[in-house]
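These notes concern the structure reproduced below.
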Protein chains: 2
Amino acid sequence: MSRQTGPARPSLTRDDVLDAAAALVKQHGPRALTMRKLAAELGTAVTSIYWHVGNRESLLDALVERTVADLGAITPGGRTPAQRIVSVARALRRQLRDHPHLVAMVHERGLTERMFQPAAQALVHEVHAAGLRGARAAEAVRAVLFQVVGFVLVERNRERSPAQHPGDQELWDVPAAEHDPALARALARGPQPERLFTASVRALVDGLLAGD
Amino acid sequence: MSRQTGPARPSLTRDDVLDAAAALVKQHGPRALTMRKLAAELGTAVTSIYWHVGNRESLLDALVERTVADLGAITPGGRTPAQRIVSVARALRRQLRDHPHLVAMVHERGLTERMFQPAAQALVHEVHAAGLRGARAAEAVRAVLFQVVGFVLVERNRERSPAQHPGDQELWDVPAAEHDPALARALARGPQPERLFTASVRALVDGLLAGD
DNA sequence: ACCTGAACACCGTTCAAGT
DNA sequence: ACCTGAACACCGTTCAAGT
């Protein structure tokens with residue numbers, strides 16, 4: 001249970017701590033990140049870690065901060081503004097899915113706004129290009145952001161607890177699909193997140209751009 | 001730190017435990033629900049609780065189960081199917097907001113599907129009335145459910161950590177609002193959840209019903 | 001059937017002490 | 001400036017023992 005990567009280290013760095021913490025989180029999630037396990041992994045006393053990062057909470061803060069900073073830009077693609085908005089949403093979801101524990105951690109820390117700043121900037125631009133102005137435009141941007149983050153949160157959770165207590169089949173079938181076997185089948189099959197996400201965002205964007 | 005409600009209790013009941021647990025969660029959230037605090041609150045030994053509920057995890061499971069069961073029906077209102085779908089979404093959000101810790105607990109336990117069964121049934125009905133069939137209908141139902149749950153999750157979190165690290169103002173203003181002071185102001189003001197929610201759901205539903 | 005205290009293995013964190 | 005062990009106050013859970 002000592003350091004497994006890299007050569008002998010002269011003295012412990014704040015970055016060493018962050019690296020080891022990141023590795024632990026990546027493998028077993030934030031709950032498995034224990035100050036004591038971390039110390040064991042680094043081959044130091046628990047209290048050394050406190051000297052470098054303050055405490056567990058600020059360690060996690062720093063970790064999130066660093067991960068967010070490394071995310072990379074979001075560049076829209078597509079011809080129409082609607083297409084480009086959808087592509088931003090998909091890129092954002094992709095980023096979040098690539099760092100499975102990040103969403104929850106960002107979410108718990110209330111850093112959502114900061115985290116989605118690049119995506120938000122892109123969205124502002126595209127929404128403007130689509131002709132929305134003022135409060136309507138702001139609302140559209142936020143609607144998409146909430147949609148994406150919310151979706152990924154729900155989706156991530158579905159994956160973590162794979163066997164929903166009542167299986168999808170048994171849960172849906174009774175009176176739901178009224179004379180519509182195709183609907184019944186689709187419900188029983190369970191959601192297909194990729195399709196569902198794209199369809200949802202597209203519908204939302206269409207609705208937002210259409211006006212009321 | 002002993003029992004504060006009701007008269008002397010002859011012997012500890014599983015329901016007593018659940019009641020006390022519910023009270024603790026209601027006041028300070030699930031994290032504050034400690035087996036030892038709970039025992040203190042009930043005036044019993046910690047180990048008695050284990051006899052009645054197994055362990056902390058199943059205690060929380062039971063708590064969620066009971067709360068969900070007590071939620072009450074969702075009855076759509078409005079004239080057009082679109083209006084009725086929006087009203088289901090709003091009713092669902094209302095239910096979730098009335099039990100501030102419920103969403104997160106349900107979410108963590110992967111009981112989302114079960115929890116939204118009543119709302120889902122109503123949605124299936126309305127979506128069908130709106131003319132959607134088969135896989136399209138199923139997708140619409142799920143899109144709305146994901147939208148509502150995701151929104152409430154994001155929203156709840158925003159409330160828990162009120163001061164976003166960079167304030168909304170400073171975060172948004174730089175290049176975002178291009179020659180659109182009203183947009184800049186709206187972004188700086190921060191979201192108005194009630195309005196945003198309604199607008200989002202309406203847009204999503206419009207988009208879903210419009211077809212692609 | 002129900003309740004108890006003692007004990008175990010884990011936490012995060014502080015602090016005085018070392019180099 | 002950096003690292004250490006000891007200690008504190010908390011956890012969840014098990015178990016043998018009581019009534």
Side-chain angles (χ1 to χ4, degrees), chain A residues 1-3 6-65 101 104-105 108-109 160-161, chain B residues 1-3 6-65 101 104-105 108-109 160-161:
Chain A
M1 260 275 206
S2 69
R3 238 162 146 261
R9 152 182 45 78
S11 80
L12 193 60
T13 313
R14 188 183 148 91
D15 266 322
D16 292 334
V17 177
L18 285 182
D19 289 342
L24 278 181
V25 167
K26 185 173 195 173
Q27 286 174 35
H28 307 103
R31 287 193 75 148
L33 175 55
T34 274
M35 300 302 269
R36 292 174 134 101
K37 273 196 206 121
L38 187 54
E41 201 73 19
L42 286 165
T44 53
V46 207
T47 41
S48 307
I49 299 177
Y50 281 83
W51 195 90
H52 285 286
V53 299
N55 56 24
R56 197 186 111 104
E57 204 47 38
S58 24
L59 167 58
L60 284 172
D61 285 349
L63 203 56
V64 169
E65 200 74 33
H101 304 288
M105 293 173 67
E108 275 174 9
R109 271 160 193 75
R160 232 184 344 146
S161 55
Chain B
M1 260 280 210
S2 70
R3 237 161 148 265
R9 151 181 48 76
S11 81
L12 192 61
T13 312
R14 188 184 148 91
D15 266 322
D16 291 334
V17 177
L18 285 182
D19 289 342
L24 277 181
V25 168
K26 186 172 194 172
Q27 287 173 35
H28 307 103
R31 287 193 74 149
L33 175 55
T34 274
M35 300 303 268
R36 293 175 133 98
K37 274 197 207 120
L38 187 54
E41 201 73 20
L42 287 165
T44 53
V46 206
T47 40
S48 306
I49 298 177
Y50 281 84
W51 195 91
H52 285 286
V53 299
N55 56 24
R56 197 187 111 104
E57 204 46 38
S58 24
L59 167 58
L60 284 173
D61 285 349
L63 202 57
V64 168
E65 200 74 33
H101 304 289
M105 293 173 66
E108 275 174 9
R109 270 159 196 74
R160 230 184 346 146
S161 54

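Every chain is numbered from 1, with letters handed out A, B, ... down the list of sequences.
The CE-C1' distance, from A/M35 to C/dT13, rounds to 9 Å in whole Å. For the pair B/Y50 OH and D/dT13 C1', the computed distance is 5 Å after rounding to whole Å. Residue B/L38 contributes atom CG, which lies 15 Å from atom C1' of D/dT13 at whole-angstrom precision. Across the protein-nucleic acid pair, B/R56 atom CZ and D/dC11 atom P stand 10 Å apart, rounded to whole Å. To the nearest angstrom, P of D/dC11 lies 14 Å from CG of B/L60. Atom CZ in A/R14 sits about 16 Å away from atom C1' in D/dA1, given to the nearest Å. Rounded to an integer number of Å, the gap from CZ of A/R36 to C1' of C/dC10 is 8 Å. Between the CZ atom of B/R31 and the C1' atom of D/dG12 there is a distance of 15 Å, rounded to whole Å.
A/H101 approaches A/P30 most closely through the heavy-atom pair ND1-CD, 3.7 Å. Nearest heavy atoms, A/L12 versus A/S48: CD2-CB, 4.2 Å. Between A/A62 and A/R14, the shortest heavy-atom contact is CB-NH2, 3.5 Å.
Side-chain proximity of A/V46 to D/dT14, C/dT13, C/dA7: nearest is C/dT13. Nearest nucleotide to the B/S48 side chain, out of C/dG12, D/dC3, C/dT4: C/dT4. Comparing atom distances between the A/L12 side chain and each of D/dG12, C/dT4, D/dC3 picks out D/dC3 as nearest. Residue B/T44 has its side chain nearest to C/dT4 when only C/dT13, D/dT4, C/dT4 are considered.
Remark: A/N55 engages A/S58 in a side-chain hydrogen bond (donor to acceptor under 3.5 Å, both in side chains) (not counting sequence neighbours). For B/A21, the side chain to side chain contact (heavy atoms under 4.5 Å, CB included) partners at least two apart in sequence or on another chain are B/L33, B/L38, B/L59, B/L63. In this structure A/T47 satisfies the side-chain hydrogen bond (donor to acceptor under 3.5 Å, both in side chains) test with no other residue, sequence neighbours excluded. Residues satisfying the side chain to side chain contact (heavy atoms under 4.5 Å, CB included) test with A/A104, not counting sequence neighbours, are none.
Nearer the 5' end of DNA chain D, as judged by each residue's closest nucleotide, is the contact made by A/W51, out of B/T34 and A/W51.
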Verdict with supporting geometry, B/H52 and B/D16, side-chain contact (heavy atoms from CB on, under 4.5 Å)
CA-CA 10 Å; B/H52 285 286; B/D16 291 334; over 6 Å; no
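B/E108 has its side chain out of reach of B/L60: every pair of non-hydrogen atoms, C-beta onward, lies at least 4.5 Å apart.
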Intra- and inter-strand pairing of DNA chain C, written as dot-bracket with Watson-Crick and G-U pairs under 3.5 Å and | for the latter, reads ||.|||||...|||||.||
Give me the distances for all protein-to-nucleotides 15-19 of chain D N/O pairs that come in under 3.5 Å?
none

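Applying the 4.0 Å criterion to OP1 and OP2 of C/dC2, one finds that B/S11 has every side-chain N and O outside that range. Proximity of A/H52 to the phosphate of D/dA1: no side-chain N or O atom is located under 4.0 Å from OP1 or OP2. One finds a side-chain N or O of A/K37 lying less than 4.0 angstrom from the OP1 or OP2 phosphate oxygen of C/dC11.
For residues 43-58 of chain B, every residue pair satisfying the salt bridge (charged side-chain N to carboxylate O under 4.0 Å, His left out) rule, not counting sequence neighbours, is listed here: B/E57-B/R109.
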